[in-house]
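Positions are given from 1 along the sequence. Keep in mind that what you see is a predicted model, and the values were worked out from it rather than measured.
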Amino acid sequence: MAQLYLIALLLIAVIAANIIKPFIPRVPEDLVLIVVGGLFTFIPVFRDFALDPEFFLFLIIAPLMFQEGQGISFATMKKHFNAIFQLSVILALFVVAVVALITDKIQSAWPLTLAIALAAIVVPTDAVAVKSMTTGLKMPKGLNQSLELESLFNDATGIVLLDLALSVYKQGSFNLVEGVSHFLIVALGGLIIGALASGLIVALRLYLSFHASSAQATTIPLNILTPFVIYLLAEHFGVSGILAVVAAGIVHNYEQSRLQLIATESRVVSATIWQTLTTLLNGVVFVILGLSLPKILKLIGDFGFEKSLGLFGLAFLIYLAMYGARFFWVSAQKQDRLTGFFGQHQTKDRLQRAQIFGVAGVHGAVTLALAMSLPTTVHGKPLPFLNEILLVATLVILISLIVAALILPRLLEEEEQVFSEEELNQTRSDMIDSAIVKTEQRIHDHDTKAAIAQALQTQKLTIGHPKSHDEQASLTLLTKVSDELQAYLDDLISQGYDQDTVERYIRFLQRGLLSPANSRHPLARINQRLHHWKHEFSWHLKTRTFTKGQRLRYQQELMARNPQVAAKVAQWKDGRQAMLALNDDVQKEADRLLTKALESELEAHQDTENIAEVRQLLERFFRIVAHDYRKGNVSVPTADYIQAFADEYSYLSAQLAAGKVKNAVANELYTEINQAQTLLLMEQGEGENE
């Protein structure tokens with residue numbers, strides 16, 4: 001139960017950091033997560049926090065590496081194989097050699113194998129952390145991909161080298177042939193087992209997709225379990241579990257490229273789950289680092305000021321050495337295959353990219369996991385300098401994060417926005433309003449129109465917060481519509497409808513719709529009353545009906561001349577039915593007026609939020625008049641929803657063809673329409689099943 005509490009609190013810490021982050025946008029998310037983790041150490045369950053390194057590698061690192069592998073296509077692997085080998089193996093070995101030599105010179109009391117072990121721990125880089133820091137910054141073309149390719153496999157290089165260094169330390173001797181053989185067996189073995197096992201799992205998933213009674217209930221859990229199963233399988237055979245899950249991810253990417261539109265719903269759900277899961281796990285990594293801070297502070301206290309200062313100096317020198325090694329390696333590269341990543345040799349652009357590449361060598365999840373995975377004892381004796389290595393590794397992580405957070409914004413230009421948020425919101429609003437107008441014109445049933453309009457309006461909340469609008473604009477529109485509805489009701493009297501019923505409805509309109517609007521100017525109410533009296537007086541003059549008897553004779557003559565009016569009046573003999581019928585007629589007129597106002601505001605490129613609010617107020621009023629205080633479930637045919645989304649597509653396509661909307665804006669909104677349509681149709685399907 002304690003472990004469940006621990007996992008729940010870790011997730012709460014990630015959520016808390018995401019809540020805090022918008023208030024301090026200039027602070028990198030990873031540093032916020034570390035601080036939140038440090039604050040969570042005041043919770044009793046996190047005191048003396050210690051995490052099993054095998055548990056950490058299995059539960060957190062394995063799925064993260066699997067997801068990273070799924071982001072790399074087989075074609076990319078084939079095209080950039082030389083670059084991947086150079087970045088993940090040659091550069092990693094070069095950095096390890098430099099760091100190990102510096103550590104061995106400064107800490108002469110340490111065995112060389114432990115210096116190599118420390119170098120192997122700090123060599124893995126974290127491209128995800130870099131990506132979070134460079135959001136909104138313009139990374140040179142190709143350089144970001146080089147960081148991702150490097151991070152994908154240098155984790156495994158560090159793990160294999162650490163394993164090799166510890167093996168040599170335990171044996172007390174080193175054999176070059178055995179060392180190289182061990183490296184190849186562990187690395188290649190992991191890749192082979194991961195690829196083969198993943199291939200079998202993919203074949204099983206394809207079979208289940210076509211033969212299982214519930215394909216999603218079997219294939220999606222199987223996909224989520226894949227990295228855990230493959231990691232355990234590879235570790236069982238003594239090869240690299242990390243490389244195995246990376247290979248499995250690449251195989252799954254190949255599977256997705258071949259499936260294309262097969263099992264679309266399962267793939268969409270799986271992608272959403274993995275995106276959410278990896279975001280949480282990345283956050284958990286840095287929360288755990290924050291939880292480890294009290295232990296680091298305790299080590300500093302135990303070591304004393306002088307020794308701690310020396311270890312801090314060593315960590316800083318190691319960071320500088322890694323930066324120098326990465327900068328020198330990129331600057332000295334002459335291979336044509338790498339110019340796409342680092343630019344032309346001996347140019348200003350190459351030097352700038354070398355600087356960025358050096359600073360972007362941020363360390364995170366894997367470095368922390370490797371530091372935690374060090375054995376406490378060897379041959380029954382405590383591993384010497386274990387706490388020193390742990391402290392230096394943690395300081396290197398923190399230094400790399402802080403330096404990157406401070407320097408990268410100065411090395412990189414701010415990314416030019418293809419479109420502004422205001423531009424996107426305005427186009428989205430116009431698109432939705434256009435579809436609502438088409439729906440109003442196409443469908444006659446009021447409840448169906450209202451349900452579709454409400455569903456489309458929710459798309460305006462797709463991104464960010466609802467757009468604020470002027471309440472006075474809503475009040476002005478409500479007043480205008482109410483006045484026009486009253487004029488419409490006055491016209492109904494002149495057409496022969498029962499005057500008492502109409503006047504009673506007008507009183508409902510004034511009390512139920514306008515009286516709550518206290519901010520309405522008194523002159524507006526007087527003007528409305530004068531308009532009513534003027535209309536009634538002119539009608540009496542026109543028809544020469546000044547008494548009740550004259551009015552009745554006029555209505556009888558009107559019904560005799562017009563059978564349609566006679567039929568309508570006959571329906572109004574029942575007082576309740578008369579009021580309901582009148583309410584329906586006023587609803588239709590209100591729909592027409594709102595559609596007209598919407599078209600007018602669209603043409604003038606005005607904010608249409610007031611129309612949505614007035615529509616809601618009118619709907620509430622009509623329900624009250626009809627004595628329907630509870631909103632009933634309106635069954636809208638799926639075809640009508642599909643047509644409404646098609647209207648949105650048509651609007652975007654027309655605006656794009658006319659050059660009034662940018663391609664990037666249209667693509668963003670096309671994606672939103674697809675997502676909204678998929679979600680709504682899924683809900684429709686569930687409703688039909690019930």
Side-chain angles (χ1 to χ4, degrees), residues 436-437 439-454 474-517 520 524-525 527-536 539 555 558 562 564-600 610-632 634:
I436 291 174
V437 170
T439 301
E440 293 278 1
Q441 296 170 346
R442 184 177 61 254
I443 297 176
H444 300 291
D445 181 66
H446 171 79
D447 291 338
T448 301
K449 288 190 292 186
I452 294 176
Q454 182 178 2
S474 298
L475 181 61
T476 301
L477 178 62
L478 179 61
T479 302
K480 180 182 178 183
V481 171
S482 299
D483 290 343
E484 291 180 346
L485 287 177
Q486 181 156 308
Y488 171 75
L489 288 167
D490 290 337
D491 289 337
L492 289 181
I493 296 175
S494 66
Q495 295 175 21
Y497 293 121
D498 183 70
Q499 185 173 4
D500 293 336
T501 302
V502 174
E503 288 182 347
R504 189 163 66 250
Y505 193 94
I506 290 174
R507 288 194 294 272
F508 288 162
L509 182 68
Q510 292 173 342
R511 291 200 306 267
L513 197 60
L514 294 180
S515 293
R520 188 177 185 185
R525 298 178 185 176
N527 181 62
Q528 184 185 36
R529 178 55 56 188
L530 290 174
H531 173 80
H532 173 67
W533 288 340
K534 177 184 176 183
H535 186 279
E536 188 172 359
W539 180 77
Q555 290 176 350
L558 179 65
N562 194 331
Q564 292 181 349
V565 173
K568 191 74 173 178
V569 171
Q571 294 177 0
W572 284 38
K573 294 302 180 182
D574 180 5
R576 175 172 174 78
Q577 291 301 320
M579 186 63 68
L580 291 175
L582 179 59
N583 195 50
D584 289 339
D585 287 342
V586 176
Q587 271 188 331
K588 294 176 183 177
E589 178 64 14
D591 287 342
R592 187 188 69 80
L593 294 173
L594 286 177
T595 302
K596 180 181 177 182
L598 186 58
E599 290 176 335
S600 175
N610 57 333
I611 293 179
E613 184 171 342
V614 171
R615 190 187 299 276
Q616 291 179 356
L617 291 172
L618 287 171
E619 285 297 316
R620 178 178 176 275
F621 168 75
F622 293 137
R623 288 198 303 272
I624 290 175
V625 173
H627 304 288
D628 182 12
Y629 294 94
R630 293 175 299 176
K631 184 179 179 182
V634 180

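Interatomic distance, CG of L594 versus CG of L618, reported as 5.5 Å (0.5 Å rounding). Note that the CG atom of L477 and the CG atom of L598 stand 10.0 Å from one another [nearest 0.5 Å].
Between K449 and I443 the shortest heavy-atom distance is CD-O, 3.0 Å.
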Legend entry - Test salt bridge (charged side-chain N to carboxylate O under 4.0 Å, His left out) applied to K588 and E440, step by step: CA-CA 10 Å; K588 294 176 183 177; E440 293 278 1; over 6 Å; no
Inset, instruction - Test T448 against T439 for side-chain contact (heavy atoms from CB on, under 4.5 Å), laying out the working first. - result: CA-CA 9 Å; T448 301; T439 301; over 6 Å; no
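With sequence neighbours excluded, the residues that form a side chain to side chain donor-acceptor pair (under 3.5 Å) with Q441 are E599. In terms of the salt bridge (charged side-chain N to carboxylate O under 4.0 Å, His left out) criterion, residue partners of E589 (sequence neighbours excluded) are, by chain and number, R592.
Listed for the S482 side chain is a donor-acceptor partner under 3.5 Å among the backbone atoms of L478.
Looking at heavy atoms from C-beta onward, R615 lies in side-chain contact with I436 at the 4.5 angstrom threshold. Between D483 and Q486 there is no side-chain heavy-atom pair separated by less than 4.5 Å. A 4.5 Å side-chain heavy-atom check between Y488 and D585 finds at least one atom pair inside the cut-off.
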